[in-house]
Amino acid sequence: MAVRYKTVLKQAEAVTVIEKSRFIGYIKPVETAAEAEEFVASVRTANRDATHNVPVYVIGENYDIQKYSDDGEPSGTAGVPVLQMLMKEGITNVAIVMTRYFGGIKLGTGGLVRAYTGIAKEALKAAGVAEVKDMEVTTLEIQYTYHGKAENMAQKGDFIIRNTQFTDKVTLEIVCDPLKTEEIITSFMEVTAGTVNIVDRHIELEKVKMV
């Protein structure tokens, strides 16, 4: 199944020190400009005494919304290279704020570009990058007897199980590539002696962690 875009899994931060300057990269997955602006504002408030708080965010499968600033650093040395790095990597729906506490040693334009893109990459690593794909979500009902077998099947990696509920039966959602759904349902039919009940099937956008 084709990847729609890439984004980050969670909010995170990373820290590095370069020539006595302390750089902190704050990162968060976002869906709207308002959410991104709120995140940027919160980081600026928490680091109001920092020398620079450089914001970058990009939203939309086609990078429809882009915003960046050098926040007082020399033009083109902070926000722009980080935005370009994100787009080159195919990453969107993300906001990053790179905070710098100046340590007294100037880095030069090339050094600044390397420093800001470097801390942005460290923040990406801390947050984890995921591919966003169209995945099929199938809700199944099975007997308690077969719950363990379902868990064992999921460990093979063809699908994941979520939202398991225990009533008179076990209800669970399996999430997988739509091209594999029929094969997986057939496997469930085999291990449950044909007693599995399909409650619902639909397509959702899902984050799939990159290995």
- Just wondering, do T138 and D200 contact through their side chains at under 4.5 Å, heavy atoms? no

- Can you tell me how far the NE2 atom of H147 sits from the OG1 atom of T192, to the nearest 0.5 Å? 13.5 Å

- Query: Do the non-hydrogen side-chain atoms of F23 and I18 ever get within less than 4.5 Å of each other?
  - Reply: yes

- Query: If you group Ile, Leu, Val, Met, Phe, Trp and Tyr by side-chain heavy-atom gaps below 4.5 Å, do V97 and V54 land in one group?
  - Reply: no

- Item | Modelled atom types, side-chain donor and acceptor of T51 and R100, under 3.5 Å | no

- Any side-chain heavy-atom pair from K10 and P29 closer than 4.5 angstrom? no

- Message: Count I, L, V, M, F, W, Y as connected when their side-chain heavy atoms are under 4.5 Å apart, and connections chain through other members. Are M153 and V137 then in the same cluster?
- Response: no

- Query: Between K106 and E19, is a salt bridge (Lys or Arg N to Asp or Glu O under 4.0 Å) present by the stated rule, with each step listed?
  - Reply: CA-CA 8 Å; K106 293 184 178 181; E19 296 289 355; over 6 Å; no

- Item | Distance-only side-chain donor-acceptor flag, N93 / Y57, under 3.5 Å | no

- Task: Just say parallel, tilted or perpendicular for the rings of F166 and Y144, cut-offs at 30° and 60°.
- Result: tilted

- Message: For the OH atom on Y68, are there more than 12 heavy atoms of other groups (residues, nucleotides or ligands in this structure) within a distance under 6.0 Å?
- Response: no

- Message: Any carboxylate oxygen within less than 4.0 angstrom of a Lys/Arg side-chain nitrogen, looking at K28 and E38?
- Response: no

- Query: Are V40 and Y101 linked, directly or through other ILVMFWY residues, by side chains that come within less than 4.5 angstrom of each other?
  - Reply: yes

- Contacts of Y5 that satisfy ring pair (Phe, Tyr, Trp, His ring centres under 6.0 Å) - sequence neighbours left out: none

- Message: When you group the ILVMFWY residues by side-chain heavy-atom contacts below 4.5 Å and let the links chain together, are V175 and V199 in the same group?
- Response: no

- Please determine, by modelled atom types, if T195 and Q143 share a side-chain donor-acceptor pair under 3.5 angstrom. no

- Query: Does a side-chain heavy-atom distance below 4.5 Å link L86 with L124?
  - Reply: yes

- Message: Whether E131 and K6 form a salt bridge (side-chain N of Lys/Arg under 4.0 Å from carboxylate O of Asp/Glu) is what I want to check.
- Response: no

- Message: With a 4.0 Å cut-off on N to O distance, would you call E122 and K125 a salt bridge?
- Response: yes

- Query: Quick one: CE on M98 to CG on N47, what's the gap to the nearest 0.5 Å?
  - Reply: 13.0 Å

- Query: What do you reckon, is CD of E151 surrounded by more than 12 foreign heavy atoms closer than 6.0 Å?
  - Reply: yes

